[in-house]
Amino acid sequence: VSAFGIGSQYWEQNPLTMYPGEEKDVLIVLQNMAGKEEVNVKSELLEGSEIAEIRNYETIAVPVGQKADFLVKVSIPKEAIIGSSYNLRISFLTIAPGGGNVGLSSSIEKNIPINIVEKTAESQSGITGNAILGIPFSTAYLILAILVLIIVAWIIVKKRKSGKKK
């Protein structure tokens, strides 16, 4: 019994939006949640090879009860027309274990529509949903914590010096 499946945050009703010249890694999750053995999955880019390339291996092993990340790098040409669209279509074929002549395999296709939109002021400034002024949140919080420690240390030193003068 194989329970191989795939998941993505993009589909027909929720297309990927990108602007001309943009590059992005698209994550597709391969799942083997109810099988009895590891599944080897071979990928093939059926449509969209002019804008996409497979980032990791074309064949991925997905252990029983686990998931594996599959990345596709999408690069929109700078001369892409706003309002146009591309289609990314990938086939995932499970390879029958054992490599014998007779085996059962299944294939699933994932279709990701890509709409070309105008570059917004937010994307031009480098501010994203997980960054402050283009700096990742984790780095920004670390800088803030160091600044707070410096200020606290400065206040303590200043109080000790003023206490000795009295």
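Closest approach of Glu22 to Thr17, counting heavy atoms only: OE1-O, 4.3 Å. The minimum heavy-atom distance between Glu37 and Val64, with the atom names listed, is C-CG2, 3.1 Å. What you find for Asp25 and Arg55 is that their closest heavy atoms are OD1-NE, 3.2 Å. Minimum interatomic distance between Ile6 and Lys110 (heavy atoms only, all atoms of both residues): CD1-CB, 3.5 Å.
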Do Leu27 and Ser8 pass the side chain to side chain contact (heavy atoms under 4.5 Å, CB included) test, and can you show the C-alpha distance, the side-chain angles, and the key distance before you say yes or no? CA-CA 7 Å; Leu27 174 67; Ser8 170; over 6 Å; no

Working note: Asn40 + Ile60, criterion side chain to side chain contact (heavy atoms under 4.5 Å, CB included); need CA distance, chi angles, decisive distance, verdict. CA-CA 6 Å; Asn40 290 308; Ile60 297 177; over 6 Å; no

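Side-chain contact between Tyr10 and Val26: present, with at least one pair of heavy atoms (C-beta onward) separated by less than 4.5 Å. Counting heavy atoms from C-beta outward, Glu79 and Pro20 have side chains that stay 4.5 Å or more apart. Taking the side chain as every heavy atom from C-beta outward, Thr59 and Ser43 never approach each other to under 4.5 Å. Contact check for Ile114 versus Pro15: no side-chain heavy atoms found under the 4.5 Å cut-off. In this structure the side chain of Leu93 never reaches within 4.5 angstrom of the side chain of Glu44, judged on heavy atoms. With contacts defined as side-chain heavy-atom distances shorter than 4.5 Å, the pair Glu109/Phe92 does not qualify. With a 4.5 Å cut-off on side-chain heavy atoms, Lys24 and Lys73 do not count as touching. Side-chain contact between Trp154 and Ile156: absent, with no pair of heavy atoms (C-beta onward) separated by less than 4.5 Å.
Put simply, CD on Glu23 and CD1 on Ile76 are 9.5 Å apart, with the number rounded to the nearest 0.5 Å. Between the CD atom in Glu118 and the OH atom in Tyr19 there is a gap of 12.5 Å [rounded to 0.5 Å]. To the nearest 0.5 Å, atom CG of residue Leu71 and atom CD1 of residue Ile28 are 9.0 Å apart.
Judged by distance alone, the side chain of Asn32 and the main-chain N or O of Ala61 form no donor-acceptor pair under 3.5 Å. In this structure, Asn14 contributes its side chain and Gln9 its backbone to a donor-acceptor pair below 3.5 Å. Not one N or O on the side chain of Gln66 forms a donor-acceptor pair closer than 3.5 Å with the backbone of Pro63.
Note on Phe70 and Ile108: same hydrophobic cluster, where clusters join Ile, Leu, Val, Met, Phe, Trp and Tyr whose side-chain heavy atoms are under 4.5 Å apart, directly or indirectly. Two different hydrophobic clusters hold Val41 and Val29 under the rule that ILVMFWY side chains link at heavy-atom gaps under 4.5 Å.
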With a 3.5 Å cut-off and sequence neighbours excluded, list the donor-acceptor pairs that the side chains of residues 80-88 form with protein atoms.
from, atom 1, to, atom 2, distance (Å)
Ser84, OG, Ile81, O, 2.5
Asn87, OD1, Asn111, ND2, 3.4
Asn87, ND2, Glu47, OE1, 3.4
Asn87, ND2, Asn111, OD1, 2.7

